[in-house]
Amino acid sequence: MNGPLEPHRARKRFGQNFLVSPGIIRNIVDAIAPRPHDIVVEIGPGLGALTTPLSARVDRLHVVEIDRDLIARLHDNYSPDKLVIHEGDALEFDFGSLGSDLRIVGNLPYNISTPLLFHLAGYAAQVRDMHFMLQKEVVDRMVAAPGGADYGRLSVMLQYRFDMERLFIVPPGAFNPAPKVDSAIVRLQPLPTADLLARDDAMFARIVQAAFSQRRKMLRNTLRDYFSEEALTALGIKPTARAEELPVAAYVALANAQVQ
Ligand code: SAM
């Protein structure tokens, strides 16, 4: 096990790029603006770049970390009254077990960012907000409007539940080791009403997946198992349209047409 004075060697398989820029760290924590009683959960605390300033602002901070060496350091460096360490894989973690009105944050491991975002989307009802650092390209896809190349399954599945805003860009030099690409901070806030929600979330997810499975193909082909051309037309959707042309509301209408 690493001693506290031995430098930790960053592990690629855990997507470890540690934040080292005090200015960027301050900007991220200011964007989160934690209050003492907030239930803040940090995914991937690593060497504590965000953990230390966050835990200074809240009564208690939850962290979820997978790397055993880093977990040992966290136990050495923080008091158990202030830091609740959940050891394990954030992809499997039941965020709902921590209560509601959660504020989830993290400089996420980029290699699992898409599945992690899908996992977290399932907890929207128990979340106040989420602030994440991600590859800039992923953030661009999350917030993309219909019609462009960035608009895809990730955009639809997240825009279905969250209002999202790209806050600022973070250059590679803010990390050690430096990643090859720019990063960005994004804020996700659950949409206030369930108005837009499909009657069956699983059906919604299946339709979106089918539509984007071959994004250059027309919907009359990709959705063939679900709708005839006439049925698409009846819903106001052109059978010759492609997945990237449809707004989130159209996917909700498609899912609801399957679940009467
Ligand atoms: N928060 C630190 C920082 O900003 O310097 C570290 C960020 S680093 C990009 C990602 C962190 O997530 C690492 O600590 C890594 O060990 C952890 N991690 C990677 N995969 C994980 C997983 N599946 N579940 C929980 N933590 C994970």
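This structure is a prediction, so every number in the text was calculated from the model and none was measured. Worth knowing before you read on, the calculation uses all heavy atoms, side chains too, and leaves out hydrogens, waters and symmetry mates.
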Nearest-0.5 Å distance, [atom1] of residue [X] to [atom2] of residue [Y]:
| X | Y | atom1 | atom2 | answer |
| --- | --- | --- | --- | --- |
| Leu83 | Asn77 | CG | CG | 10.0 Å |
| Phe95 | His119 | CZ | NE2 | 5.5 Å |
| Leu158 | Asp163 | CG | CG | 12.0 Å |
| Gln189 | Arg128 | CD | CZ | 10.0 Å |
| Leu120 | Leu108 | CG | CG | 7.5 Å |
| Leu134 | Arg166 | CG | CZ | 12.0 Å |

Mind checking what makes ring-ring contact (aromatic ring centres under 6.0 Å, His included) contact with Phe204, not counting sequence neighbours?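 Partners of Phe204 by the ring-ring contact (aromatic ring centres under 6.0 Å, His included) criterion, ordered by chain and then number, come out as Tyr160.
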Not counting sequence neighbours, which residues clear ring-ring contact (aromatic ring centres under 6.0 Å, His included) with Phe14? List them please.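 Residues passing ring-ring contact (aromatic ring centres under 6.0 Å, His included) with Phe14: none at all.
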Do [X] and [Y] have side chains that get closer than 4.5 Å, going by heavy atoms?
| X | Y | result |
| --- | --- | --- |
| Val105 | Leu50 | no |
| Met130 | Leu117 | no |
| Val143 | Ser155 | no |
| Leu223 | Ile207 | yes |
| Leu102 | His62 | no |
| Arg215 | Arg242 | no |
| Leu246 | Leu219 | yes |

Salt bridge check, Asp67 against Arg73: does any charged N sit closer than 4.0 Å to a carboxylate O? no
Between [X] and [Y] (side chain of the first, backbone of the second, donor and acceptor by atom type, cut-off under 3.5 Å), is there such a pair?
| X | Y | result |
| --- | --- | --- |
| Asp38 | Val40 | no |
| Gln126 | Ser97 | no |
| Lys136 | Phe168 | no |
| Gln159 | Met142 | yes |
| Glu244 | Tyr151 | no |

Of all residues at least two apart in sequence or in a different chain, which pass the side chain to side chain donor-acceptor pair (under 3.5 Å) check with Asn111?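 So Asn111 forms no side chain to side chain donor-acceptor pair (under 3.5 Å) with any residue.
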Identify, with sequence neighbours excluded, every residue that meets side chain to side chain donor-acceptor pair (under 3.5 Å) alongside Asp129. Arg103
Nearest heavy-atom pair of [X] and [Y]: which atoms, and what distance?
| X | Y | value |
| --- | --- | --- |
| Pro239 | Thr233 | CG-OG1, 3.5 Å |
| Phe175 | Val20 | C-CG2, 3.8 Å |
| Ser213 | Thr222 | OG-CG2, 4.3 Å |
| Pro45 | Thr51 | CB-OG1, 3.2 Å |
| Arg11 | His8 | NH1-CE1, 3.7 Å |
| Ala178 | Pro172 | CB-O, 3.5 Å |

Mind checking whether [X] and [Y] sit in one hydrophobic cluster, side chains of I, L, V, M, F, W, Y counted as touching below 4.5 Å?
| X | Y | value |
| --- | --- | --- |
| Leu154 | Val127 | yes |
| Val156 | Met203 | yes |
| Val64 | Ile112 | yes |
| Val208 | Leu235 | yes |
| Val63 | Phe132 | no |

Atom pairs and distances, side-chain donor-acceptor, residues 248-257, under 3.5 Å, sequence neighbours left out:
from, atom 1, to, atom 2, distance (Å)
Tyr251, OH, Ala243, O, 2.7
Asn256, OD1, Arg199, N, 2.8

Count the heavy atoms belonging to other residues, nucleotides or ligands that lie under 6.0 Å from NZ of Lys238, then report whether that count exceeds 12. no
Arg220, CZ atom: more than 12 neighbouring heavy atoms under 6.0 Å: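 Check passes, neighbour count above 12.
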Hydrophobic cluster (4.5 angstrom, side-chain heavy atoms) - remaining members for Leu70: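 Hydrophobic cluster check, Leu70: joined to Phe18, Leu47.
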Donor-acceptor pairs are to be reported for all side-chain atoms of residues 22-34 against protein atoms at under 3.5 Å, with residues two or more places apart or in another chain.
from, atom 1, to, atom 2, distance (Å)
Asp30, OD1, Arg57, NH2, 2.7

Would you please name every residue forming a side chain to side chain contact (heavy atoms under 4.5 Å, CB included) with Ser228, sequence neighbours left out?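 In terms of side chain to side chain contact (heavy atoms under 4.5 Å, CB included), with neighbours along the sequence ignored, Ser228 is linked to Glu230, Ala231.
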Mind checking what makes side chain to side chain contact (heavy atoms under 4.5 Å, CB included) contact with Ser55, not counting sequence neighbours? Leu61, Tyr78
For Glu87, check salt bridge (charged side-chain N to carboxylate O under 4.0 Å, His left out) against everything at least two apart and list the hits.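 Partners of Glu87 by the salt bridge (charged side-chain N to carboxylate O under 4.0 Å, His left out) criterion come out as none, since no residue qualifies.
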Report the C-alpha separation of Ile39 and Asp101 in whole Å, then their side-chain angles, then the decisive distance to 0.1 Å, and conclude whether the side-chain contact (heavy atoms from CB on, under 4.5 Å) test is met. CA-CA 7 Å; Ile39 309 178; Asp101 203 26; 5.7 Å; no
Run Asp201 and Arg161 through salt bridge (Lys or Arg N to Asp or Glu O under 4.0 Å) and show every step you take. CA-CA 11 Å; Asp201 286 338; Arg161 294 186 184 278; 3.0 Å; yes
According to side chain to side chain donor-acceptor pair (under 3.5 Å), does anything in residues 169-188 pair up with another residue at least two apart or in another chain? List the pairs.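 Found Tyr110-Ser183, His131-Arg187.
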By the ring pair (Phe, Tyr, Trp, His ring centres under 6.0 Å) test, which pairs, at least two apart or in different chains, include something from residues 217-238? none
Check against side-chain contact (heavy atoms from CB on, under 4.5 Å), Leu98 and His86: CA-CA 11 Å; Leu98 302 180; His86 303 273; 3.7 Å; yes
